[in-house]
Amino acid sequence: MNNETIKIRYGESLPLEVLIDDDSAVSGTFYVAKAGEIPRITKPFTIAQPEGIAEIQLEPSDTRIPLGKYFYQINVVDSNGNVSKFPEPDTCDEDCMPQFVVYEALDETEVVS
């Protein structure tokens, strides 16, 4: 994932694969939120080494959030407990946070919470 926009329908499943370029990385968390709000999605994951591959599976219950545009962030924890957050601020201006967009689904009714 390279700051790409993720588009999904309300209540849809979505497998995500992330390549982590840190051979000491062991786990992480995928967050989806609007700026200044509590995350709507918090999905922990483990990182397979030495490949550095993390598989994140979003379930329908994860994506049943109010329709609209959100941002996502990936936090990675290494074997020493250090946390790195992506995208990194030094490579990102205020407009480059990757988006997570939830669109309407014709077979489900949005539940606003």
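Worth knowing before you read on, the calculation uses all heavy atoms, side chains too, and leaves out hydrogens, waters and symmetry mates.
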Kindly give the heavy-atom pair with the smallest separation between [X] and [Y], and that separation in Å.
X     : Y      : value
Lys69 : Val101 : CG-CG2, 4.0 Å
Ser13 : Pro60  : OG-CD, 3.3 Å
Ala33 : Pro39  : CB-CA, 3.6 Å

Worksheet item: Are the aromatic ring centres of Tyr10 and Tyr103 under 6.0 angstrom apart?
Response: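 No, ring centres 6.0 Å or more apart.
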Side chains of residues 44-52: which donor-acceptor pairs under 3.5 Å do they make with residues two or more places apart or in other chains?
| residue | atom | partner | partner atom | Å |
| --- | --- | --- | --- | --- |
| Gln49 | OE1 | Gly52 | N | 3.4 |
| Gln49 | NE2 | Asp22 | O | 3.0 |
| Gln49 | NE2 | Ala25 | O | 3.0 |

Can you find a pair of side-chain heavy atoms, one from [X] and one from [Y], that are under 4.5 Å apart?
X     : Y      : result
Tyr31 : Ile41  : no
Ile8  : Phe100 : yes
Lys7  : Thr5   : yes
Leu19 : Ile53  : yes
Phe71 : Val32  : no
Glu55 : Gln57  : no

Identify all side-chain donor-acceptor contacts of residues 77-84 below 3.5 Å with residues at least two apart in sequence or on another chain.
| residue | atom | partner | partner atom | Å |
| --- | --- | --- | --- | --- |
| Asp78 | OD1 | Asn80 | N | 2.9 |
| Asp78 | OD1 | Gly81 | N | 3.1 |
| Asp78 | OD1 | Asn82 | N | 2.9 |
| Asp78 | OD2 | Asn82 | ND2 | 3.3 |

In Å and rounded to the nearest 0.5 Å, what is the [atom1] to [atom2] distance from [X] to [Y]?
X     : Y      : atom1 : atom2 : value
Arg64 : Thr109 : CZ    : OG1   : 11.0 Å
Lys43 : Leu58  : NZ    : CG    : 6.5 Å
Glu37 : Tyr70  : CD    : OH    : 7.5 Å
Phe86 : Ile74  : CZ    : CD1   : 8.5 Å
Glu4  : Gln99  : CD    : CD    : 12.5 Å
Thr29 : Asn75  : OG1   : CG    : 6.0 Å

Practice prompt. Verify side chain to side chain contact (heavy atoms under 4.5 Å, CB included) between Val18 and Ile56, making sure each step is shown before the conclusion.
Written response: CA-CA 8 Å; Val18 180; Ile56 304 164; 3.9 Å; yes
Worksheet entry | Whether Glu110 side chain and Leu67 backbone form a donor-acceptor pair below 3.5 Å |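 Such a contact is found between Glu110 side chain and Leu67 backbone.
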Practice prompt. Evaluate whether atom NZ of Lys85 has more than 12 neighbouring non-hydrogen atoms of other residues, nucleotides or ligands under 6.0 angstrom away.
Written response: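 Counting other residues, nucleotides and ligands, NZ of Lys85 stays at 12 neighbours or fewer.
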Practice prompt. Mind running salt bridge (Lys or Arg N to Asp or Glu O under 4.0 Å) on Arg9 and Glu108 for me, showing each step along the way?
Written response: CA-CA 10 Å; Arg9 294 236 185 238; Glu108 293 198 49; over 6 Å; no
